[in-house]
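Take a look at the structure below.
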Amino acid sequence: MFPFCFEWAWDMAHAIFFGGLWYAVGILGAGMTYVVIKSAYDTMNDSGDSHHH
Amino acid sequence: MDSALIPEGVKRTSFPKFFLGMAVVGAVVLWGLIAVVLIWWKGLNQTNMNDYYGFALWIWADLAVIAVGGGAFFTGLLKYIFKVDELKNIINFAVIIGVICYSSALFILAIDVGQPLRSWFIFWHANVHSMLTEVAFCLSCYFAVLVIEFIPNVLENRQLNKVSFFHHLAHNMHGVMAVFAATGAFLSFFHQGSLGGVAGVMYGRPFAFREGLLIWPWTFFLFTWSAAAFGPCFTLLVTKITEAVTGKKLVSDKTVHLLAKISGWMITTYIIAKIIDTIYWATVTVPASGFTFSHFFSNNAFYGYWILFAEIVLCGVVPGLLLIYKPTRENSNLRLLAIILGVIGVCLNRWVMVLQVMAVPVMSFDTWALYIPSWQEVATTILPVAYGIMFIALAYRYLPVFPQEKELNYPAQPVVEGE
Amino acid sequence: MKQENKKEHKFGMVIDLDKCTGCGSCMVSCMAENNVPFKEDESNKKDSITWMRVYKLTNGKDFPETEVVYMPRPCQHCSGKGGHGHSPCVSVCPATATDYGKDTGIVSQIYTRCFGCRYCMGACPYHARYFNWWDPKWPEGMENYLSPNVSPRMRGVVEKCSFCYHRYQLAREKAYLEEREEIEEMEYQTACTTACPAGAIVFGDLNNPEHEVTKIVKPDDHPDPRNPDVVGKSRNPKVFRLLERLGTNTKVYYLSEREWVRKAGDNYTEGEWETIKNHHGKTQISHG
Ligand code: SF4
Ligand code: SF4
């Protein structure tokens with residue numbers, strides 16, 4: 001799973017498999033982080049001037 | 001009693017009645033949980049599995065729920081990526097069914113392994129060449145995607161939505177849902193496929209083994225395809241059941257027909273591929289290892305050609321044709337028949353690819369091995385069904401799952417307070 | 001190639017089925033050697049642990065033509081398609097809990113790593129893998145006889161024949177202490193081999209032409225022209241392997257004078273045996 005696990009190898013198979021995996025996990029993580037931050041921002045703006053949208 | 005939680009403008013059954021229903025189903029859940037505790041406490045000797053049947057009822061159930069849960073990713077893919085907007089009327093429900101199926105699948109795996117506390121080894125010490133590793137990773141990640149897809153629906157609950165942050169969160173999550181849906185489709189493609197690969201790569205088992213493309217045996221693609229094809233059937237079936245139980249129309253015919261049509265074409269194309277695969281396997285792959293096709297379907301008490309016929313013709317070709325032909329598709333009885341057959345068909349396929357694989361003797365002096373599950377296995381396999389019923393009942397009661405419910409059931413009426 | 005442990009071995013065995021009497025000594029010695037636990041009731045063979053299991057085969061003919069053969073079956077230590085170490089079981093284990101030793105050809109099992117998914121059992125067509133359905137137990141007092149060189153296994157993991165790997169380790173240690181570079185053929189022998197009263201089992205390094213096993217088997221390292229997945233086919237027409245055609249490339253060979261026994265080692269479609277048996281012993285160029 002990580003390069004410090006002893007069965008890790010810097011080869012094609014690991015690159016493809018974990019490349020794909022961490023890419024997907026990364027997108028999910030980034031997406032959720034963005035959404036949460038944006039929502040917090042929107043919430044704060046709401047309470048600032050409460051009458052929009 | 002709980003009226004403040006019920007979505008606005010719809011009616012729900014009285015709380016005592018609801019509670020009673022939940023208690024009945026809850027008893028089944030409890031029965032399952034007792035079996036789970038027994039298995040975790042005493043070990044897998046509580047099952048009737050043995051060294052011939054290392055994979056048994058549970059693994060079939062696992063594959064089956066994942067296959068029928070495929071409706072979630074495929075509907076999501078169509079809705080968010082291919083912009084089939086009509087499907088917005090059923091996507092919430094498809095996601096809920098997906099959440100149920102995938103949480104059940106993960107749960108089944110947790111009771112199935114001999115050392116549940118070491119389950120994390122599959123991630124930590126991952127062997128990237130194993131199909132099961134791919135399954136484990138993609139399954140867990142995709143489950144996360146499903147939860148993400150489900151969250152906005154939960155946050156739309158009347159009380160939760162009053163919280164400004166939750167309101168915004170639900171809104172913003174909808175905004176980027178296409179990204180999550182795309183990731184989900186990517187992950188689904190691989191875990192559905194690698195579940196097929198699990199069987200297809202076993203070159204010591206000529207009944208399961210398939211040639212393929214690069215590292216992927218044909219079963220890889222067939223599994224993904226069949227999940228996308230039959231998953232929507234299951235979504236439609238559960239919708240139908242929910243409608244029957246609630247006595248309400250929840251999804252418009254237009255949406256149902258569209259999903260049924262898509263499913264029909266997917267099933268038909270899938271079954272053509274499956275037939276080609278079967279013929280190639282029977283005439284090329286199998287003889288190359290010294291077996292005859294008939295070997296796999298004779299000399300035992302259970303597995304005969306009937307299972308092949310049932311899987312491919314009766315529960316494959318028939319539902320496919322019923323669903324692509326407009327008059328039969330739009331006839332609600334025939335459509336129901338088709339989706340039931342379809343769901344049975346995909347479950348049969350998973351059965352064959354797990355249990356028949358184990359049953360067939362490979363060494364010339366070996367014998368067929370049949371097994372009958374123990375009550376603990378049956379109870380733990382029924383558990384997800386009961387859990388699913390409770391999940392759907394709760395979701396239906398408290399969340400705005402079906403956007404069309406109001407217009408289909410209370411036309412031109414002033415908004416009614418929930419009871 | 002300086003040190004013993006740097007050398008590439010390919011340990012394997014050949015079992016003479018015409019010598020085997022079916023006495024079961026190999027099974028007993030294996031269980032004792034490898035600390036295999038007992039079940040209270042061993043009558044259900046489908047869930048009792050027998051790393052080495054003796055199968056009984058008959059030629060299916062009526063008396064007086066009936067013939068019986070006993071076939072001891074340890075783990076076959078498959079080298080996998082093309083002999084690259086992708087054994088049916090090793091290639092599927094998701095947790096890298098079973099491994100192919102490139103230096104020995106031995107398929108190992110890491111008990112503390114295995115989490116009991118049993119995929120490897122499904123993948124092995126020889127039923128050589130066993131699951132610990134119960135907590136390991138020995139009759140009162142018998143724990144005292146357990147071998148200190150082999151770790152007992154916990155409930156919920158898979159185990160199988162290791163070709164008595166600990167004996168290899170001991171032999172290597174001894175050689176190291178005595179500053180020898182190589183171990184002798186007889187220094188590393190499996191328990192079943194040494195226990196067999198009929199001398200039916202011959203064990204050794206298939207990479208070493210001096211070893212008895214190699215002399216009997218005469219393995220052909222070229223791929224079988226009929227099936228490129230198959231390597232290490234025997235040049236001895238009396239020697240065969242179990243399910244050779246699947247490309248598992250086992251390192252346990254069997255020997256028999258009797259044709260029906262050799263035929264029982266694999267599956268053949270109608271009439272196919274006649275062409276294939278002639279192929280035995282021919283190494284190059286397909287004879288069609
Ligand atoms: S005989 Fe079975 S357990 Fe042994 S190496 Fe071959 S596949 Fe693996
Ligand atoms: S049972 Fe153990 S050794 Fe076998 S595949 Fe699973 S983790 Fe690997």
Side-chain angles (χ1 to χ4, degrees), chain A, chain B residues 80 120-149 151-152 155 161-191 193-194 214-216:
Chain A
M1 188 171 186
F2 301 108
F4 52 81
C5 297
F6 74 82
E7 54 277 283
W8 181 276
W10 292 101
D11 61 7
M12 217 38 185
H14 280 75
I16 295 173
F17 186 96
F18 284 106
L21 178 88
W22 291 121
Y23 181 66
V25 172
I27 289 184
L28 295 183
M32 280 312 285
T33 314
Y34 163 77
V35 163
V36 169
I37 292 175
K38 179 158 192 302
S39 306
Y41 179 79
D42 290 351
T43 313
M44 264 139 58
N45 270 11
D46 262 4
S47 40
D49 65 310
S50 52
H51 54 274
H52 81 274
H53 91 275
Chain B
Y80 295 109
W120 56 282
F121 286 8
I122 199 171
F123 303 110
W124 196 259
H125 299 299
N127 168 14
V128 294
H129 301 284
S130 170
M131 285 291 165
L132 209 55
T133 311
E134 204 168 309
V135 171
F137 274 103
C138 295
L139 201 71
S140 326
C141 292
Y142 181 59
F143 180 61
V145 172
L146 278 170
V147 171
I148 291 174
E149 290 185 334
I151 289 174
L155 298 181
N161 210 252
K162 286 184 184 155
V163 181
S164 174
F165 176 72
F166 288 161
H167 174 83
H168 284 294
L169 191 58
H171 178 78
N172 288 329
M173 283 180 82
H174 275 303
V176 291
M177 205 47 92
V179 178
F180 294 132
T183 316
F186 168 80
L187 291 166
S188 286
F189 177 79
F190 281 101
H191 78 248
S194 39
L214 303 174
I215 57 164
W216 297 294

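Per chain, numbering begins at 1; letters A, B, ... match sequence-line order.
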### Message
Quick check for you: among B:H171, B:E134, B:H125, which has the greatest number of heavy-atom pairs under 4.5 Å with chain A?
### Response
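The answer is B:H125.
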### Task
May I ask you to name which of B:V163, B:V179, B:I148 has the most heavy-atom pairs under 4.5 Å with chain A?
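Maximum pair count with chain A is reached by B:I148.
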### Query
Roughly how far, to the nearest 0.5 Å, is the CE atom of A:M32 from the CG atom of B:L169?
6.0 Å
### Query
Which value, rounded to the nearest 0.5 Å, describes the distance between A:F17 atom CZ and B:C138 atom SG?
6.0 Å
### Query
Of all heavy-atom pairs between A:A13 and B:H129, which one has the smallest distance, and what is that distance?
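Closest approach of A:A13 to B:H129: CB-CE1, 3.6 Å.
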### Query
Any idea which heavy atoms bring B:A126 and A:F18 closest together, and the distance?
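Taking every non-hydrogen atom into account, CB-CZ, 3.8 Å.
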#### Entry: Structural part of B:T183 lying under 4.5 Å from a heavy atom of chain A
side chain
### Message
Is any side-chain heavy atom of B:F165 closer than 4.5 Å to one of A:V36?
### Response
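A:V36 vs B:F165: side chains touch.
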Residue part contacting chain B, namely of [X], when any heavy atom lies under 4.5 Å:
X     : answer
A:V25 : side chain
A:Y34 : side chain
A:L21 : side chain

### Query
Just wondering, more than 12 heavy atoms not from B:F166 lying within 6.0 Å of its CZ?
no
### Query
Quick one: are the ring centres of A:Y23 and B:F186 less than 6.0 Å apart?
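For A:Y23 and B:F186, the ring centres are not under 6.0 Å apart.
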